[in-house]
**Student:** 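Here you go, one structure.
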Amino acid sequence: MSTYPKVNETKELIKELVSIPSPSGNTAKVIQFVEEYLNSLNVDTKRNRKGGLIATIPGKVENEHRMLTAHVDTLGAMVKEVKKNGRLRLDLIGGFRYNSIEGEYCEIHTTTGKKYTGTILMHQTSVHVYKNAGEAERNQKNMEVRIDAKVKNADDVRELGIEVGDFVSFNPRIELTENGFIKSRHLDDKASVAILLQLIKRIKEESITLPYTTHFLISNNEEIGYGGNSNITPEAVEYLAVDMGAMGDGQSTDEYTVSICVKDASGPYHYELRKHLVRLAEENNIGYKLDIYPYYGSDASAAIRSGYDIVHGLIGPGIDSSHAFERTHEDSLKETENLLYHYVQSKMISI
């Protein structure tokens with residue numbers, strides 16, 4: 001079995017990625033980081049008009065391509081309203097609930113480039129003032145941003161340059177524990193972006209010639225549904241999304257293996273590609289779990305809905321508490337990278 005020798009390097013790369021704010025719609029800085037990383041490896045890249053990044057490694061076969069994708073955009077918010085009390089009302093970006101960001105530190109990114117810190121709170125937070133502080137619904141009406149600035153009203157806020165439409169990002173609070181856990185917001189999907197970057201680096205360092213020309217799409221609109229449904233070459237046969245495995249009641253996915261998705265909210269993934277991934281895992285002693293994600297869609301399923309004639313699949317590390325207080329373990333990173341390492345060197349499935 002091929003082992004993954006640089007998991008600490010991957011974890012540090014995850015730390016760098018999650019520390020760059022990149023809610024869907026405001027991803028230029030993190031795309032630039034990825035672009036510079038790949039250019040340092042002498043990998044050809046290009047930007048698409050959506051602002052995503054495509055890296056290409058030529059293979060022996062040029063008339064049949066593979067594409068792998070992971071996304072750098074994350075959950076976030078926008079300023080919906082500058083309130084009379086000097087607080088901000090939010091509009092959410094991505095599929096999550098207000099309760100998952102209550103008490104979170106955040107940054108407001110103005111169009112002029114200034115940044116202000118704040119905290120996302122219930123309006124009725126103080127138990128010494130509000131009798132129903134614990135019972136009030138966590139929703140757009142009741143949640144607000146307390147800005148770390150001397151502001152008493154809407155005019156004061158606007159003098160800072162804060163306005164409707166400014167992006168709001170959440171503090172990732174990343175922590176790498178001594179026993180191998182990675183705790184952070186935005187592991188969906190920056191953990192998989194780091195895995196793909198490490199995979200590309202490994203291909204270059206080991207001077208591996210891939211059997212097929214392979215594209216790596218770093219998409220930047222997945223959380224809002226259309227990150228990877230374009231820029232797929234006419235030669236592309238297999239399209240593999242590398243995202244996260246969702247954990248919870250009734251799920252098989254855990255934090256220590258690679259999750260191979262058989263079905264999500266869009267329907268089943270390609271049966272033969274799924275069986276191929278399982279065979280590769282078993283032949284190389286890679287720990288894996290098969291799973292169904294009931295409330296989930298990927299860039300691969302977005303591509304299918306867009307009409308692309310491709311074979312689509314989805315794998316990723318297991319992530320606990322997805323779209324909230326996420327956590328995974330380095331073992332899951334290792335198993336995911338090892339499966340990808342063998343996959344990109346394998347023969348395509350017969351159609």
Side-chain angles (χ1 to χ4, degrees), residues 1-2 4 34-35 37-39 41-48 52-71 189 192-219 222 227-243 258 260-262 269-284 286 288 298-304 306-316 335-351:
M1 173 184 171
S2 176
Y4 183 39
V34 174
E35 185 176 49
Y37 181 95
L38 291 171
N39 289 345
L41 301 175
N42 294 316
V43 174
D44 290 335
T45 63
K46 66 177 182 179
R47 302 274 189 108
N48 62 25
L53 187 71
I54 304 163
T56 300
I57 298 180
K60 293 179 182 177
V61 176
E62 297 181 356
N63 64 338
E64 292 182 316
H65 295 182
R66 277 186 169 126
M67 179 168 273
L68 288 77
T69 183
H71 67 91
D189 187 33
S192 289
V193 172
I195 288 170
L196 283 191
L197 294 181
Q198 286 290 85
L199 173 65
I200 294 169
K201 183 178 181 181
R202 189 174 179 185
I203 291 167
K204 299 293 286 188
E205 287 180 342
E206 296 181 11
S207 300
I208 295 169
T209 301
L210 298 179
Y212 308 93
T213 292
T214 302
H215 307 280
F216 298 85
L217 170 61
I218 307 302
S219 74
E222 193 274 347
N229 61 345
S230 64
N231 302 105
I232 300 171
T233 62
E235 298 85 0
V237 177
E238 294 181 358
Y239 185 106
L240 184 65
V242 187
D243 209 311
V258 56
I260 301 173
C261 181
V262 304
Y269 282 78
H270 196 279
Y271 190 34
E272 294 303 319
L273 180 55
R274 182 244 286 191
K275 290 194 292 184
H276 180 57
L277 293 166
V278 169
R279 281 194 298 270
L280 288 172
E282 292 180 346
E283 289 170 0
N284 294 282
I286 295 169
Y288 72 93
S298 73
D299 273 336
S301 57
I304 288 289
S306 296
Y308 281 94
D309 185 20
I310 52 173
V311 170
H312 73 313
L314 168 62
I315 70 170
E335 303 292 37
T336 303
E337 196 276 344
N338 273 325
L339 181 54
L340 290 168
Y341 179 80
H342 291 286
Y343 168 68
V344 296
Q345 297 181 79
S346 70
K347 185 178 180 180
M348 279 192 190
I349 64 171
S350 298
I351 301 173

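What you are looking at is a predicted structure, and each value in this text was computed from that prediction instead of being measured.
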**Student:** Within the side chain of Thr69, is there an N or O that forms a donor-acceptor pair under 3.5 Å with the backbone of Leu217?
**Tutor:**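 Side chain of Thr69 to backbone of Leu217: a pair is present.
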**Student:** Is a side-chain donor or acceptor of Glu62 paired with a backbone partner of Pro58 at a separation under 3.5 angstrom?
**Tutor:** no
**Student:** I'd like to know if Arg279 and Glu283 make a salt bridge, using a cut-off of under 4.0 Å between side-chain N and carboxylate O.
**Tutor:**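 Between Glu283 and Arg279 there is no salt bridge, as every charged N stays at least 4.0 Å from the carboxylate O atoms.
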**Student:** Quick check: do Thr56 and Thr214 have side-chain heavy atoms less than 4.5 Å from each other?
**Tutor:** no
**Student:** Please report the interatomic distance CG(Asp189) to CD1(Ile218), rounded to the nearest 0.5 Å.
**Tutor:** 9.0 Å
**Student:** Just so I know, are the side chains of Tyr288 and Leu339 near enough to count as touching, which here means a heavy-atom distance under 4.5 Å?
**Tutor:** no
**Student:** Side-chain contact test, heavy atoms from C-beta onward, threshold under 4.5 Å: evaluate it for His215 versus Leu68 and give yes or no.
**Tutor:**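 The answer is no, as the side chains (C-beta and beyond) never meet within the 4.5 Å cut-off.
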**Student:** What is the minimum heavy-atom distance between Ala236 and Ile310, and which atoms define it?
**Tutor:**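 It is O-CG2, 3.8 Å.
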**Student:** May I ask you to check whether His276 and Ser346 show a side-chain donor-acceptor distance below 3.5 Å?
**Tutor:**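 Yes, a side-chain donor-acceptor pair sits under 3.5 Å.
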**Student:** Which atoms form the tightest heavy-atom contact between Cys261 and Tyr269, and what is the distance?
**Tutor:**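 What the structure gives for the nearest pair is SG-CE1, 3.8 Å.
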**Student:** Ignoring hydrogens, what is the shortest heavy-atom contact between Gly313 and Leu240? Give both atom names and the distance.
**Tutor:**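 Looking at all heavy atoms of both residues, the closest pair is C-CD1, 3.4 Å.
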**Student:** For a quick test of reading the model, state the closest non-hydrogen atom pair linking Ala302 to Asn229 and the distance between them.
**Tutor:** O-CB, 3.5 Å
**Student:** Under the side-chain contact (heavy atoms from CB on, under 4.5 Å) criterion, do Asn338 and Asn284 qualify, and how do the steps go?
**Tutor:** CA-CA 9 Å; Asn338 273 325; Asn284 294 282; over 6 Å; no
**Student:** Using side-chain heavy atoms (C-beta onward) and a distance below 4.5 Å, is Val237 in contact with Tyr212?
**Tutor:**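 No; the side chains remain at least 4.5 Å from each other.
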**Student:** If you round to the nearest 0.5 Å, how far is CG of Asn231 from CG of Asn48?
**Tutor:**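 Separation between the atoms: 4.0 Å.
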**Student:** Going by atom types alone, do Tyr341 and Glu206 pair a side-chain donor with an acceptor below 3.5 Å?
**Tutor:** yes
**Student:** Have Asp299 and His71 got a donor and an acceptor in their side chains that come within less than 3.5 Å?
**Tutor:** no
**Student:** If we ignore hydrogens and angles and just use 3.5 Å, is the side chain of Ser301 paired with the main-chain N or O of Ser298 as donor and acceptor?
**Tutor:** yes
**Student:** With sequence neighbours left out, write down each residue that passes salt bridge (charged side-chain N to carboxylate O under 4.0 Å, His left out) with Glu272, or none if nothing qualifies.
**Tutor:**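 Result, salt bridge (charged side-chain N to carboxylate O under 4.0 Å, His left out) vs Glu272: Lys275.
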**Student:** Is it true that the NZ or CZ of Arg66 lies under 6.0 Å from the centre of Tyr239's six-membered ring and within 45 degrees of the ring axis?
**Tutor:**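 So Arg66 doesn't make the cation-pi contact.
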**Student:** Report yes if the side chains of His312 and Leu273 come closer than 4.5 Å at any heavy-atom pair, otherwise no.
**Tutor:**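 Of all side-chain heavy-atom pairs linking Leu273 with His312, none is under 4.5 Å.
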**Student:** Is it the case that the side chains of Ser230 and Tyr308 hold a donor-acceptor pair, with the cut-off being a distance below 3.5 Å and no angle test?
**Tutor:** no
**Student:** Checking side-chain contact (heavy atoms from CB on, under 4.5 Å) for the pair Leu277/Ile315: CA distance, chi angles, key distance, verdict?
**Tutor:** CA-CA 9 Å; Leu277 293 166; Ile315 70 170; 3.8 Å; yes
**Student:** Could you list the residues that satisfy salt bridge (charged side-chain N to carboxylate O under 4.0 Å, His left out) with Glu222, not counting sequence neighbours?
**Tutor:**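 Applying salt bridge (charged side-chain N to carboxylate O under 4.0 Å, His left out) to Glu222 gives none.
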**Student:** In this structure, are over 12 heavy atoms from other groups packed under 6.0 Å from Glu205 atom CD?
**Tutor:** yes
**Student:** Could you tell me if the side chain of Val43 sits less than 4.5 Å from the side chain of Lys204, heavy atoms only?
**Tutor:** yes
**Student:** Residues two or more places apart in sequence or in another chain: which of them pass ring-ring contact (aromatic ring centres under 6.0 Å, His included) with Phe216?
**Tutor:**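 Scan of Phe216 (ring-ring contact (aromatic ring centres under 6.0 Å, His included), adjacent residues dropped) gives none.
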**Student:** May I ask you to test the Arg47-Glu35 pair for a side-chain heavy-atom distance under 4.5 Å?
**Tutor:**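 A side-chain contact under 4.5 Å exists here.
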**Student:** Would you say the side chain of His342 lies within less than 4.5 Å of the side chain of Ile286, judging by non-hydrogen atoms?
**Tutor:** yes
